[in-house]
There are 2 protein chains.
Amino acid sequence: MTTELSFLADCPARLAFDLLAHTWDPVTLWALRSGPVRHGQLRVRIGGISAKVLTETVRRLEFNGLVARDARGAYELTPLGRTLLPALDALGVWAVDHGDAVLEAQDGHTSER
Amino acid sequence: MTTELSFLADCPARLAFDLLAHTWDPVTLWALRSGPVRHGQLRVRIGGISAKVLTETVRRLEFNGLVARDARGAYELTPLGRTLLPALDALGVWAVDHGDAVLEAQDGHTSER
DNA sequence: CAGCATCCCGGCAGATACTG
DNA sequence: CAGTATCTGCCGGGATGCTG
């Protein structure tokens, strides 16, 4: 499992995006905010993710040191993973504040055509 | 061009990640921070991106209302796009602060094996 | 229930060559 | 120089079925 990181164009944020590039990465991290959760429970909490993909996602986050497994096989955020939450939240706040504007921009282009 | 947005697992940050999901999206946005830039110039500034992919990237950002084209065909951030910069920067700061820890975690797993 | 092995499908990114 | 058309390789995500 190799998570090739890119160091292009002195855009430091790219590292973070590479770590969370896959579809379910941010949602999984988010779902682990409130503490350790086991596979089945986590699957329900996320919703719409297959068992295979959830395993892949968690393994990748684990490999990158953002998630760990406790003794009983439950998944939880590592201290490192927790440090990412505020930045993730900043994006969430942006989405809540400006999500509508994005949709409007999209609609604008589709109706003009 | 359809940019399907996901609304899963009440993770608001997902919207932002969907908008910047493609490889060169964050870097492109970042490269436009300092003002309008034309295609060729932008291509050099980003580095390593093909002309085709740059066009696709810029078109997509334009479609989502984050980037606009001025009269002379130069690309620039829209006001909406600018609002995203602080959150992007938050991720960048995180990467600078914790990037090493990620690499250590990766090395740890690869050497243990 | 957790995890792994397959197979399939679709889309992204790269390379190339061509048009205004 | 900007943009497009085409082809190709690759990988992520979904579905299914099987093992402890």
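Atom set for the values below is all heavy atoms of this structure, side chains included, hydrogens, waters and symmetry mates excluded. Note that this is a predicted model, so its numbers are computed, not measured.
- One distance of note links NE2 of B:H22 with CG of B:L61; it measures 9.5 Å at 0.5 Å rounding.
- Formation of a donor-acceptor pair under 3.5 Å by the A:T78 side chain with backbone atoms of A:A68 is not found in this model.
- The separation between A:D25 atom CG and D:dC11 atom C1' is 14 Å, rounded to whole Å.
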For every nucleotide of nucleotides 13-20 of chain D, 5' to 3': is a protein heavy atom under 4.0 Å from its base (B), only from its sugar-phosphate (S), or from neither (-)? BBB-----
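- Residues passing the ring pair (Phe, Tyr, Trp, His ring centres under 6.0 Å) test with B:H98 are B:W94, sequence neighbours excluded.
- By the 4.5 Å heavy-atom criterion applied to side chains, B:L88 and A:F17 are counted as neighbours.
- B:G65 approaches A:A105 most closely through the heavy-atom pair CA-CB, 3.7 Å.
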In residues 31-44 of chain B, what donor-acceptor pairs under 3.5 Å come from side-chain atoms, sequence neighbours left out?
from, atom 1, to, atom 2, distance (Å)
B:S34, OG, B:R45, NH1, 3.2
B:R38, NH1, B:R72, O, 2.5
B:R43, NH1, B:I49, O, 2.4

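- Put simply, CZ on B:R69 is 9 Å from C1' on D:dG3, counting in whole angstrom units.
- Put simply, B:R38 has no side-chain N or O that comes within less than 4.0 Å of OP1 or OP2 on D:dC1.
- Among the heavy atoms of the strands, none lies under 4.0 Å from B:R43.
- Annotation: side chain of B:W24 is not in contact with side chain of B:L54 (no heavy-atom distance under 4.5 Å).
- Applying the side-chain contact (heavy atoms from CB on, under 4.5 Å) test to B:D89 and every residue at least two apart in sequence or in another chain returns B:W30, B:V93.
- Between B:L77 and the choices B:L66, B:L29, B:L84, the side chain to side chain contact (heavy atoms under 4.5 Å, CB included) rule is met once, by B:L29.
- Applying the salt bridge (Lys or Arg N to Asp or Glu O under 4.0 Å) test to pairs two or more places apart or on separate chains, those with a residue in residues 19-32 of chain B are B:D25-B:R60.
- Residues B:V67 and B:T28 form no side-chain contact, since every pair of their non-hydrogen atoms from C-beta on lies 4.5 Å or further apart.
- Distance, B:L54 CG to D:dG3 P: 8 Å, rounded to whole Å.
- Overall, the helix from C:dC1-D:dG20 to C:dG20-D:dC1 carries an axis bend of 30° between its ends, with five pairs at each end and the value rounded to 10°.
- Heavy-atom contacts of chain B under 4.0 Å fall on DNA chain C between two terminal nucleotides, which in 5' to 3' order are C:dC12 to C:dA15.
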